[in-house]
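Taking it in order: structure first as structure tokens, then the write-up.
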There are 2 protein chains.
Amino acid sequence: MSLRHALLGLLSERPASGYDLLKRFETSLATVWPATQSQIYTELTKLAAGGLITVAAEGPRGRKEYAIADGGLAELRHWLTETKPQRNTRSDILLRVFFLGVLKPEQARAYLAGLVEMSEQGHEELRLLAESIDWGDDDLSVYGRIALEYGLRFNAMRREWAEWAAGQIR
Amino acid sequence: MSLRHALLGLLSERPASGYDLLKRFETSLATVWPATQSQIYTELTKLAAGGLITVAAEGPRGRKEYAIADGGLAELRHWLTETKPQRNTRSDILLRVFFLGVLKPEQARAYLAGLVEMSEQGHEELRLLAESIDWGDDDLSVYGRIALEYGLRFNAMRREWAEWAAGQIR
DNA sequence: TTCTGACATGTCAAAACTAGAAGGTCCAGC
DNA sequence: GCTGGACCTTCTAGTTTTGACATGTCAGAA
């Protein structure tokens, strides 16, 4: 159900086409809320049918530019203030940890070493991204920076944890 | 697709019924890989049909106790060693952060304060859980302890981040 | 004896998500 | 002029997940 709110959120910043939104999902939202093209177009159609967004303009190549409607903005605000976020931590990575006991200790350590490497890479990618962006003090910059900082801290935490964990085995 | 591996993993520890497994999903796996009753029973039937698990015993009230078969153990090991975990970070909590700009600063800070509280609670719950368990040095203890430590560190990280983030607004 | 709550499984419809095919337009550079 | 790549949408067919309904057994308390 959060996909519709993600779309409303992006459209609250500025009007955009399905294609534009897809690009946003492939870049800034990729690690937070991945969504495929078919999902996005389907949901946009539903949102438009429900009057939460409107087709503000039509461009070349059948491009439809959607804009958020008052009802959509109200729904977005409602979601942000009235509904509780659920800690939806379905994590493939951590699930595996529970079952490392079926492997030999060196295999288990290899898995954790892989996590260290993954975390290092993730951290480095975000660091480069942060460097490449010209941060202002508008809303997008402030909250984008906060989200990115989360990613940096998360990867650092996971790296240290995986290193510690490898030391716990045998 | 990880649900089947979660089931295989749990059955690799000891035989269990669907009901037993459901309890495990509601407790230790709840934060890592939530699954509903219908999903569990459906998947168990499929796994049994595929010969990855067997019905080892039948008890009162139609209870069927499943045990992992050789093929299931092989599949579990294959999953752990040969397939890459995907960073499946779909996060409701973080998604909201991107759109806090549509709220008033005090509302945004309230959201982050809520995350601080959530993280403190999560940390406390895990701390109590860790205290209540009599840790040995068997596999289950070692890897259970490692997974739990992840939770502790994660909540601590998120708490500090949310406090820092609240200070970034305005 | 009756009732309650834990034990135990099965099935279904709907929603969400995945993966990809299919079709078409516009523009810049060769 | 033509061609490749970016732009842009729609549709299909499948799997996974959610949430609820339906059904029944057993042990112990009232």
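None of the values given here were measured: they were computed from a predicted structure.
Distances shorter than 4.0 Å separate some side-chain N or O of Arg90(A) from OP1 or OP2 on dT18(D).
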Taking only nitrogen or oxygen atoms into account, show me every contact under 3.5 Å that the protein makes with nucleotides 12-15 of chain C, one pair per line with its distance.
none

Scan nucleotides 6-8 of chain D against the protein and return all N/O pairs shorter than 3.5 Å with their distances rounded to 0.1 Å.
| unit_1 | atom_1 | unit_2 | atom_2 | d |
| --- | --- | --- | --- | --- |
| dC7(D) | OP2 | Tyr19(A) | OH | 3.2 |
| dC8(D) | OP1 | Arg63(A) | NH1 | 3.0 |
| dC8(D) | OP2 | Arg63(A) | NH1 | 3.0 |

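Judged by distance alone, the side chains of Arg77(A) and Ser12(A) never bring a donor and an acceptor atom under 3.5 Å apart.
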Please tabulate, for side-chain N and O atoms in residues 104-113 of chain A, each donor-acceptor pair with protein atoms closer than 3.5 Å (sequence neighbours left out).
| unit_1 | atom_1 | unit_2 | atom_2 | d |
| --- | --- | --- | --- | --- |
| Gln107(A) | OE1 | Lys104(A) | N | 3.1 |
| Arg109(A) | NH1 | Ile169(A) | O | 3.1 |
| Tyr111(A) | OH | Ile93(A) | O | 2.8 |

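In this structure, Trp79(A) and Phe99(B) have tilted ring planes: the angle between them lies in the 30° to 60° band.
Sorted by first and then second residue, the salt bridge (Lys or Arg N to Asp or Glu O under 4.0 Å) pairs involving residues 16-31 of chain A (not counting sequence neighbours) are Glu13(A)-Arg24(A), Asp20(A)-Arg63(A), Lys23(A)-Glu26(A). Within the structure, no pair that satisfies the salt bridge (Lys or Arg N to Asp or Glu O under 4.0 Å) test touches residues 27-42 of chain B, not counting sequence neighbours. Within the structure, side chain to side chain donor-acceptor pair (under 3.5 Å) pairs that include any residue of residues 39-49 of chain A comprise Arg4(A)-Glu43(A) (at least two apart or interchain).
A straight line from CG of Leu7(A) to C1' of dA16(C) spans 13 Å, rounded to a whole angstrom. Rounding to whole angstrom units, CD of residue Glu43(B) and C1' of dT11(C) are separated by 16 Å. For the pair Leu22(A) CG and dG20(C) C1', the interatomic distance rounds to 14 Å; values are reported in whole Å. As rounded to whole Å, 15 Å separates atom C1' of dT11(C) from atom CG of Leu44(B). Protein atom CG of Leu95(B) is 15 Å distant from nucleotide atom C1' of dA16(C), rounded to whole Å. The CH2 atom of Trp33(A) sits 15 Å away from the C1' atom of dT18(C) (whole-angstrom rounding). Following rounding to the nearest Å, Ile40(B) (CD1) and dA20(D) (P) show an atom-to-atom distance of 17 Å.
Donor-acceptor pairing under 3.5 Å, judged by distance alone, is present between the side chain of Gln37(A) and the base of dT10(D). Donor-acceptor pairing under 3.5 Å, judged by distance alone, is absent between the side chain of Gln39(A) and the base of dT18(C).
Residues meeting the side-chain contact (heavy atoms from CB on, under 4.5 Å) test with Gln168(B), sequence neighbours left out: Ile146(A), Trp164(B). Shown here are the ring pair (Phe, Tyr, Trp, His ring centres under 6.0 Å) partners of Tyr66(A), two or more places apart in sequence or in another chain: there are none. For Glu163(B), the side-chain contact (heavy atoms from CB on, under 4.5 Å) criterion is met by Val116(B), Arg159(B), not counting sequence neighbours.
Taking the nucleotide of DNA chain C with the nearest heavy atom to each of Glu65(B) and Leu3(A), the more 5' of the two is matched to Glu65(B).
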